[in-house]
2 protein chains.
Amino acid sequence: MEQIKTDIEETANLFKLLGDRSRLTMTAMMNVRECCVCEFTECFGMSQPAVSQHLKKLKYFGLVNERKDGYWTYLSLNKESEFYNMIPAVIDAVPDIKEEIDVLLSKCKGGAC
Amino acid sequence: MEQIKTDIEETANLFKLLGDRSRLTMTAMMNVRECCVCEFTECFGMSQPAVSQHLKKLKYFGLVNERKDGYWTYLSLNKESEFYNMIPAVIDAVPDIKEEIDVLLSKCKGGAC
DNA sequence: TGATTAAATAAGCATTTACTTATATAATGT
DNA sequence: ACATTATATAAGTAAATGCTTATTTAATCA
């Protein structure tokens, strides 16, 4: 009974997270490969704190893992998330997203900034 | 180029729409069958204007069609929407949603209120 | 015509969201 | 030790969101 609420509500929260252009784009990029924070701030016309706050939400929800290395922080989809398996299904349903994300990823230098 | 922005942004808007428990549930219900407005107000613990406002957003986005018959208004997924094909893929990715929605739909009398 | 009914709209309100600028933290390099 | 760098946090703000209650619209029925 409570389960009924929980599953739908949790999924609604996932969609709310993805319901922002920046976070959806970040998620689609991470669906291809691990990304550095600096890649997001570089590719998007967006301030560094704004990117940081979006990533905080993704991490808090458990969708994203971080790995620190020197100056840099790398983000990737969290394979342990209960939503991990949904992500490709959801992302790949977006028309033409593959091409769009490829363009964005190639704009980023590829890692360290 | 502009296309790049548009597709992702539009999809983010779709997810934003689905990123609300009530609208996600309504959408999942309509993914099974046409529903009467009164079914939503009845099944959800929610006022009639609240339901009406959620449906307005779904209609404005083009995801949902309405059909009027006497007192009642019936809603269904709009087959002409560019997102129509995404809906089953997205909805069916939700764990256990089939069972949850079946319970909800059986709680509604099945149509006219 | 007048009452009833389903649904939409209007107006108001508290909360959330997505940003901004300024500052802090923590690792690296000199 | 000190400067530099990537990132996080804090505080503030304008706009959006999701509700509420009150009212209106439009169809049906007596």
Side-chain angles (χ1 to χ4, degrees), chain A residues 5 8-10 12-27 29-30 34-61 63-76 108-113, chain B residues 5 8-10 12-27 29-30 34-61 63-76 108-113:
Chain A
K5 258 190 201 165
I8 292 187
E9 184 132 38
E10 269 294 283
N13 285 336
L14 172 70
F15 288 143
K16 189 184 286 181
L17 264 184
L18 299 180
D20 173 275
R21 187 165 99 83
S22 306
R23 288 192 301 266
L24 178 60
T25 308
M26 290 173 180
T27 303
M29 288 167 73
M30 288 183 282
E34 184 183 62
C35 296
C36 180
V37 173
C38 60
E39 292 185 89
F40 298 135
T41 55
E42 192 192 320
C43 292
F44 306 172
M46 180 174 283
S47 73
Q48 174 266 314
V51 168
S52 185
Q53 284 155 20
H54 282 305
L55 288 171
K56 189 178 187 177
K57 291 184 183 189
L58 292 169
K59 282 184 280 184
Y60 181 79
F61 190 78
L63 195 65
V64 158
N65 265 341
E66 74 174 24
R67 173 177 74 82
K68 303 218 176 196
D69 183 10
Y71 282 146
W72 299 285
T73 304
Y74 294 92
L75 287 311
S76 57
C108 307
K109 290 164 200 158
C113 299
Chain B
K5 259 189 202 166
I8 293 187
E9 184 132 39
E10 269 293 282
N13 286 335
L14 172 70
F15 289 143
K16 188 184 287 180
L17 263 184
L18 299 180
D20 172 274
R21 187 165 99 84
S22 306
R23 289 193 299 268
L24 178 60
T25 308
M26 289 174 180
T27 303
M29 288 168 74
M30 288 183 283
E34 184 182 62
C35 296
C36 181
V37 173
C38 59
E39 292 186 89
F40 296 135
T41 56
E42 192 193 318
C43 292
F44 305 173
M46 178 174 285
S47 73
Q48 174 265 316
V51 168
S52 186
Q53 285 155 20
H54 282 305
L55 288 171
K56 189 178 186 176
K57 291 185 183 187
L58 293 170
K59 282 184 281 184
Y60 181 80
F61 190 79
L63 195 65
V64 158
N65 266 341
E66 74 175 22
R67 173 178 72 81
K68 303 217 175 194
D69 183 10
Y71 282 145
W72 298 285
T73 303
Y74 294 92
L75 287 312
S76 56
C108 308
K109 291 166 201 156
C113 301

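Note on naming: letters A, B, ... go to the chains in the order of the sequence lines (proteins, then strands), and numbering restarts at 1 for each one. Computed from a prediction, not measured in an experiment: that's the story for all the values here.
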Residue B:K56, side-chain atoms from C-beta onward, closest of C:dA22, C:dT9, C:dA7: C:dT9

Could you tell me how far apart B:Y60 (OH) and C:dA8 (P) are, to the nearest whole angstrom? 17 Å

What's touching nucleotides 13-18 of chain C from the protein side, N or O pairs under 3.5 Å?
{"unit_1": "C:dA18", "atom_1": "OP1", "unit_2": "A:D20", "atom_2": "OD2", "d": "3.4"}
{"unit_1": "C:dA18", "atom_1": "OP1", "unit_2": "A:R23", "atom_2": "NH2", "d": "3.3"}
{"unit_1": "C:dA18", "atom_1": "OP2", "unit_2": "A:R23", "atom_2": "NH1", "d": "3.0"}
{"unit_1": "C:dA18", "atom_1": "OP2", "unit_2": "A:R23", "atom_2": "NH2", "d": "3.3"}
{"unit_1": "C:dA18", "atom_1": "OP2", "unit_2": "A:K57", "atom_2": "NZ", "d": "2.9"}

At what distance, to the nearest 0.5 angstrom, does NZ of B:K57 lie from CG of B:D20? 7.5 Å

So A:T73, base contact, sugar-phosphate only, or nothing? Heavy-atom distance under 4.0 Å. sugar-phosphate

Evaluate the criterion side chain to side chain contact (heavy atoms under 4.5 Å, CB included) for residue pair B:F40 and B:M46; output intermediate values, then yes/no. CA-CA 8 Å; B:F40 296 135; B:M46 178 174 285; over 6 Å; no

Given the rule in the side chain to side chain contact (heavy atoms under 4.5 Å, CB included) test, do B:E10 and B:F61 qualify, once you have shown the distances and angles that lead to the verdict? CA-CA 10 Å; B:E10 269 293 282; B:F61 190 79; 4.2 Å; yes

Take atom CG of B:L75 and atom C1' of C:dA8, then tell me their distance rounded to the nearest Å. 13 Å

Expected rows: protein N/O vs nucleotides 23-30 of chain C N/O, under 3.5 Å:
{"unit_1": "C:dT28", "atom_1": "O2", "unit_2": "A:Y71", "atom_2": "OH", "d": "3.3"}

Could you measure the distance from the CG atom of A:L58 to the CG atom of A:L75? Nearest 0.5 Å is fine. 8.0 Å

Considering residues at least two apart in sequence or located in another chain, which fulfil the ring-ring contact (aromatic ring centres under 6.0 Å, His included) criterion with A:Y71? none

More than 12 non-hydrogen atoms from neighbouring residues, nucleotides or ligands closer than 6.0 Å to NZ on A:K59, yes or no? yes

Expressed in angstrom and rounded to an integer, what is the separation of B:W72 atom CH2 from D:dC29 atom C1'? 12 Å

How many whole angstroms separate atom NZ of B:K68 from atom P of C:dT5? 18 Å

Rounded to the nearest Å, what distance is computed from the CZ atom of residue B:R67 to the C1' atom of nucleotide D:dA26? 18 Å

About how many Å separate SG of A:C35 and CE of A:M26, when rounded to the nearest 0.5 Å? 9.5 Å

Show the numbers, then the answer: is there a side chain to side chain contact (heavy atoms under 4.5 Å, CB included) between B:V37 and B:E66? CA-CA 10 Å; B:V37 173; B:E66 74 175 22; over 6 Å; no

Whole angstrom value for the distance that separates C1' of C:dA7 from CD of B:E39: 15 Å

Nearest-Å distance, CG (B:L55) to C1' (D:dG18)? 14 Å

Assuming nearest nucleotide by heavy-atom distance, tell me which of B:P49 and A:A50 is located more 5' along DNA chain C. B:P49

Check: A:A12 main-chain N/O paired with B:R21 side-chain donor or acceptor under 3.5 Å: no

